[in-house]
Protein chains: 2
Amino acid sequence: MYDQLKLDNQLCFRLYAASRLVTQAYRPLLEPLGLTYPQYLVMLLLWEKDWQSVNDIAHRLLLETNTVTPLLKRMEQEGLVKRNTDFIDKRRTIVGLTHKGKKLEEAAKTIPACITQGWDSGQSRPEDFAALPRALDALISKLKSNDN
Amino acid sequence: MYDQLKLDNQLCFRLYAASRLVTQAYRPLLEPLGLTYPQYLVMLLLWEKDWQSVNDIAHRLLLETNTVTPLLKRMEQEGLVKRNTDFIDKRRTIVGLTHKGKKLEEAAKTIPACITQGWDSGQSRPEDFAALPRALDALISKLKSNDN
DNA sequence: AACAATTATATCGTGTGCGACATAATGTTA
DNA sequence: TAACATTATGTCGCACACGATATAATTGTT
């Protein structure tokens, strides 16, 4: 039995598990808004800046366009976004908020606080928790550079 | 525009992105072994302790049994594991390694080091990186207790 | 023992993720 | 400007995840 193959020693599993648990924590808050977690991430981008291309959205979320396209189509079905062909570059599809999509921001603004509420209080070492964003950013940028 | 709704301010997105990037990093290493990342996690558990029930596996991986069941069936198709009904409690399906599954451990033992190689060197603050496992464990245990 | 409650697993439907590939529009270059 | 490469998006297939639900086996209670 190799120690490095023990589940409990694996940082990667912690990331995998934490990510799924966080998504689960969002579910009851997003369901009333008719959003899944990835759809919510798209809404965050569009609330920041309306009308972005599929590529823009995929790049920000570190997703492939073949993941984002069907996701956006479902959001269009729900009347949250519009998908138009760009006039200048007809290859591009630009995505914008509908009135319904814009209105949702007001209802969503309390969600982040609801999710993270009490997280640091559960930490035996608050300084570890404070380091999380920095450590993850460094890890993400490292992993991104692996492919291209 | 609410600051708390900016993507870059969201710890949750970092976890979501990091988790997917890690899985992607594993792919080229696991593909030669005929494993996906969740299947690799199941193998880790069975290499630690052969013959565990579907429930045992699901609990350790923090997954639902309706995720694990089809995953195990695919692994059975590939000849990596066997699925037997428990003699004492016929409700239970116990999962064990085949010869092929056992042999794979030798080939897998170098994977963890390959993945994490260079991770801390990319960190401007190594102490942040060292805190990651502790911070994630605390977060996971917090999120687990949310449901029950 | 009879029967309700619980437990373990499985089935079904929907929504991601992503590799492989297709297609149309734009850029580039001889 | 014709031919070719590149880019942006999309389709298809497969493997998760998970809520809702079904079913069979066991447990608990009377």
Side-chain angles (χ1 to χ4, degrees), chain A residues 13 16-28 30-31 34-42 52-59 61-78 80 83-95 143 146-148, chain B residues 13 15-28 30-31 34-42 52-59 61-78 80-81 83-95 143 146-148:
Chain A
F13 171 68
Y16 166 76
S19 172
R20 283 186 299 102
L21 287 169
V22 163
T23 303
Q24 286 172 35
Y26 269 98
R27 202 184 311 279
L30 291 177
E31 200 178 332
L35 290 173
T36 65
Y37 182 66
Q39 289 172 7
Y40 167 73
L41 294 178
V42 170
Q52 301 192 48
S53 74
V54 174
N55 233 340
D56 293 338
I57 295 170
H59 266 94
L61 301 183
L62 306 182
L63 288 167
E64 303 298 321
T65 61
N66 55 3
T67 298
V68 174
T69 292
L71 198 154
L72 291 170
K73 282 189 170 178
R74 282 185 288 268
M75 294 175 76
E76 191 182 35
Q77 294 290 321
E78 299 297 323
L80 295 166
R83 292 162 66 248
N84 296 342
T85 301
D86 187 58
F87 274 110
I88 297 114
D89 187 339
K90 293 198 187 62
R91 291 171 302 180
R92 289 154 55 92
T93 300
I94 51 171
V95 183
L143 288 165
N146 276 356
D147 350 295
N148 70 332
Chain B
F13 171 68
L15 286 169
Y16 166 76
S19 173
R20 282 185 302 99
L21 288 169
V22 163
T23 303
Q24 286 171 36
Y26 269 99
R27 202 183 311 279
L30 291 177
E31 199 177 333
L35 291 172
T36 65
Y37 183 66
Q39 288 171 9
Y40 168 73
L41 294 178
V42 171
Q52 301 191 47
S53 75
V54 174
N55 232 340
D56 293 338
I57 295 169
H59 266 94
L61 300 184
L62 306 182
L63 288 167
E64 303 297 321
T65 61
N66 55 2
T67 298
V68 174
T69 292
L71 198 155
L72 290 172
K73 281 188 172 181
R74 284 186 287 268
M75 295 176 75
E76 191 182 35
Q77 294 289 321
E78 298 299 321
L80 295 165
V81 301
R83 293 163 65 248
N84 296 342
T85 301
D86 188 57
F87 273 111
I88 296 113
D89 186 339
K90 293 196 187 62
R91 292 171 303 181
R92 290 155 56 92
T93 299
I94 50 171
V95 183
L143 288 164
N146 276 356
D147 347 294
N148 69 331

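Chain letters run A, B, ... following the sequence lines, proteins first and then strands; every chain starts at 1. Not measured: the values here are computed from a predicted model.
Looking at heavy-atom distances under 4.0 Å, A/Thr93 makes contact with sugar-phosphate atoms alone, never a base. Contact annotation for A/Thr23: no contact, since no heavy-atom pair falls under 4.0 Å across all strands. The residue A/Arg20 sits close only to the backbone: its heavy atoms come under 4.0 Å of sugar-phosphate atoms, none of a base. Counting non-hydrogen atoms under 4.0 angstrom, B/Thr36 reaches the backbone sugars and phosphates but no base. In this structure, B/Ile88 reaches the sugar-phosphate backbone alone: every heavy-atom distance under 4.0 Å involves primed, P, OP1 or OP2 atoms, never a base.
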- Message: Let's go through A/Arg83 and A/Leu72 carefully: what are the C-alpha distance in whole Å and the side-chain angles of both, what is the deciding distance for side chain to side chain contact (heavy atoms under 4.5 Å, CB included) to 0.1 Å, and is it a yes or a no?
- Response: CA-CA 8 Å; A/Arg83 292 162 66 248; A/Leu72 291 170; 4.1 Å; yes
- Task: Just do the side chain to side chain contact (heavy atoms under 4.5 Å, CB included) check on A/Ile94 and A/Gln52 with the steps written out, would you?
- Result: CA-CA 5 Å; A/Ile94 51 171; A/Gln52 301 192 48; over 6 Å; no
- Item | Steps toward side chain to side chain contact (heavy atoms under 4.5 Å, CB included) verdict (B/Val22, A/Tyr16) | CA-CA 8 Å; B/Val22 163; A/Tyr16 166 76; over 6 Å; no
- Where do A/Arg20 and B/Leu62 land on the side chain to side chain contact (heavy atoms under 4.5 Å, CB included) test, with the steps shown first? CA-CA 9 Å; A/Arg20 283 186 299 102; B/Leu62 306 182; 4.1 Å; yes
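Listed pair A/Lys73 / D/dT11 meets the phosphate criterion, a side-chain N or O lying under 4.0 Å from OP1 or OP2. Within the structure, a side-chain polar atom (N or O) of A/Thr69 is placed less than 4.0 Å from OP1 or OP2 of D/dG10. B/Tyr16 has no side-chain polar atom (N or O) that falls below the 4.0 Å cut-off from OP1 or OP2 of C/dT16. Contact between the side-chain N/O atoms of A/Thr67 and the OP1/OP2 oxygens of C/dG17 is not found at any separation under 4.0 Å. At D/dC16, one or more side-chain N or O atoms of B/Gln39 fall inside 4.0 Å of OP1 or OP2 (strictly under the cut-off).
Panel note: side chain A/Gln39, backbone A/Thr36; a donor-acceptor pair is recorded below 3.5 Å. A donor-acceptor pair is defined here as one N or O able to donate and one able to accept, closer than 3.5 Å; such a pair exists between the side chain of A/Thr69 and the backbone of A/Thr65.
As rounded to whole Å, 11 Å separates atom P of D/dT26 from atom CZ of B/Arg92. For B/Leu63 and C/dA8, the CG to P distance is 17 Å, given to the nearest whole Å. Rounded to whole Å, the distance from CG on A/Leu71 to P on D/dT11 is 14 Å. Regarding A/Arg27, its CZ atom lies at a distance of 10 Å from the P atom of C/dT16, rounded to whole Å. Computed from coordinates, the B/Asn55 CG to D/dT26 P distance equals 15 Å when rounded to whole Å. The distance from atom CG of A/Leu72 to atom P of C/dG15 is 14 Å, rounded to the nearest whole Å. Distance, B/Tyr37 OH to D/dA15 P: 19 Å, rounded to whole Å. What separates CG of A/Leu35 from P of C/dG15 is a distance of 13 Å, to the nearest Å.
Side-chain atoms of A/Asn66 and base atoms of C/dG19 include a donor and an acceptor less than 3.5 Å apart. For A/Arg91 against D/dT9, no side-chain N or O and base N or O form a donor-acceptor pair under 3.5 Å.
When each of A/Glu78 and B/Val54 is assigned the nucleotide of DNA chain C bearing its nearest heavy atom, the one mapping closer to the 5' terminus is B/Val54. Residue whose closest nucleotide on DNA chain D sits further toward the 5' end, between A/Ile94 and B/Asp89: A/Ile94.
Taking the side chain of B/Arg74 as heavy atoms from C-beta on, and the options C/dT26, D/dC16, D/dT9, the nearest nucleotide is D/dC16.
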